[in-house]
There are 2 protein chains.
Amino acid sequence: MKEQELKDYLKEKGLRLTHQRENIIKHFCDKNKHYTVEELYEEMKKEMPGIGFATVYRTLQLLVAAGFALERRFKDDVTRFEPLHKNDHHDHMICIECGRIIEFENKKLERLKDGVAKKHNFCILLHKLEFYGYCEKCRNKKIKGKK
Amino acid sequence: MKEQELKDYLKEKGLRLTHQRENIIKHFCDKNKHYTVEELYEEMKKEMPGIGFATVYRTLQLLVAAGFALERRFKDDVTRFEPLHKNDHHDHMICIECGRIIEFENKKLERLKDGVAKKHNFCILLHKLEFYGYCEKCRNKKIKGKK
DNA sequence: ATTTTATTGATATTGATTTTCAATTTCAAT
DNA sequence: ATTGAAATTGAAAATCAATATCAATAAAAT
């Protein structure tokens, strides 16, 4: 996400670029993590001790509204946010042991999608594909544990 | 779901078959809907006016624990329950206009899954695939509305 | 029929998310 | 640089679905 795009968005909407927003956005967009509000709030407190939870929360909402972030929710029932990079169409694979989230991309899904849409006369706009299981590390641990 | 299987399950666990449970389960398993607790509770009140929300809630939990129902959550952020039929592996397509939920099955997903699992050395146990868009009716309405 | 113990329904609690509001900060216009 | 209108902040309160509690009730084993 380019700094300028964000500034344009703010101006267009009559919004302001505050220190809090600037820092939150820098911190968030740098990493490629899937943050909960709580997690990002905890990290932000180290940089800006006085920052409030609500500010982090609202800034993430802002990023979603602006199209710079995506809101997701996996099986653990907390909302997570990830920075959105242009033309980045990935799905997620989640380890049910350690919580690790792996992103993957697969083109076969498009064909599958077209087939299903045609069959049911549906106009598909977006999808959600998630795989749950054990990542390499946790699987190995499990095998060792059994011995 | 067979009546007997349920009774066996209850006995095995030292649980009891109450009128409430019996009615809720009959009502729920008959239909092939994706109920929220609230929705099922509203329908149950017509049959059993005194029934409590918590009872419906707990009975659905019971069905999930027994393997007779599945718990799902779509983008609208409320938990839904659907009766589980043996060997029924379907996914969902949801209309973002009217909320209609269509179930579909597609075998291509298995191959896709295998490919991704192998690539990342993951052991995939379950998946979630959802499509969101407009169903036939709502799409037609939209086209007409524009004229 | 009696007794034991699970279940019920009403209500309270939880925990994540969202809203509120007075104090503060931004920023465009002077 | 100063001002003033309006957006933003942080703390606290409200919301809302999901879950737990508990005295009263009902199932089923004896």
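Chain naming here is simple, since letters A, B, ... match the order of the sequence lines and numbering starts at 1 in each.
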Between [X] and [Y] (side chain of the first, backbone of the second, donor and acceptor by atom type, cut-off under 3.5 Å), is there such a pair?
X: B/R21; Y: B/T59; value: no
X: A/K108; Y: B/R111; value: no
X: B/E43; Y: B/L40; value: no

B/V116 reachable from A/I96 in the ILVMFWY side-chain graph, under 4.5 Å edges: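 No, because A/I96 and B/V116 fall into different hydrophobic clusters, even though each may have its own neighbours under 4.5 Å.
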Quick check on [N]: is either OP1 or OP2 less than 4.0 Å from any side-chain nitrogen or oxygen of [X]?
X: A/Y57; N: C/dT18; result: yes
X: B/Q20; N: C/dG9; result: yes
X: B/Q61; N: D/dT19; result: yes
X: B/H19; N: D/dA27; result: yes

Please report, rounded to the nearest Å, how far the [atom2] atom of [N] is from the [atom1] atom of [X].
X: B/N23; N: C/dG9; atom1: CG; atom2: C1'; value: 16 Å
X: A/R21; N: C/dT25; atom1: CZ; atom2: P; value: 15 Å
X: A/D76; N: D/dA18; atom1: CG; atom2: C1'; value: 15 Å

Selection residues 96-141 of chain B - residue pairs positive for ring pair (Phe, Tyr, Trp, His ring centres under 6.0 Å), sequence neighbours left out: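 Those involving residues 96-141 of chain B are B/F104-B/F131.
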Check: protein-nucleotides 11-16 of chain C nitrogen or oxygen pairs below 3.5 Å:
none

Just the table, please: protein N/O against nucleotides 28-30 of chain D N/O, every pair under 3.5 Å.
from   : atom 1 : to    : atom 2 : distance (Å)
D/dA28 : OP1    : B/L17 : N      : 3.3

Heavy-atom check, side chain of A/K75 versus side chain of B/L126, under 4.5 Å: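 Yes. Closest side-chain heavy atoms under 4.5 Å.
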Tell me, please, which residues at least two apart from A/N32 pass side-chain contact (heavy atoms from CB on, under 4.5 Å).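 Here the qualifying residues are A/P83, A/H85, A/E103.
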Atom pair SG/CD1 of B/C135 and B/I94 - distance to nearest 0.5 Å: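 Interatomic distance, B/C135 SG to B/I94 CD1, rounded to 0.5 Å: 12.0 Å.
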Under-4.0 Å salt bridge between A/E136 and A/R139: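 Salt bridge: no.
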Check this for me: does any side-chain nitrogen of one of A/E110 and A/K107 sit under 4.0 Å from a carboxylate oxygen of the other?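 No.
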Listed in order of residue number, which residues of residues 33-41 of chain A have a non-hydrogen atom at under 4.0 Å from DNA chain D?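 DNA chain D contact set from residues 33-41 of chain A: none.
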Nearest to the side chain of B/R58, heavy atoms from C-beta on, is which of C/dG9, D/dG10, D/dT19?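 Given the options C/dG9, D/dG10, D/dT19, the side chain of B/R58 is closest to C/dG9.
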Whom does C/dT30 pair with, Watson-Crick or G-U wobble, provided both distances fall under 3.5 Å?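 Base partner found: D/dA1.
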Under the ring pair (Phe, Tyr, Trp, His ring centres under 6.0 Å) rule, collect the residues that match up with B/Y57, sequence neighbours excluded.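 Not a single residue meets the ring pair (Phe, Tyr, Trp, His ring centres under 6.0 Å) criterion with B/Y57.
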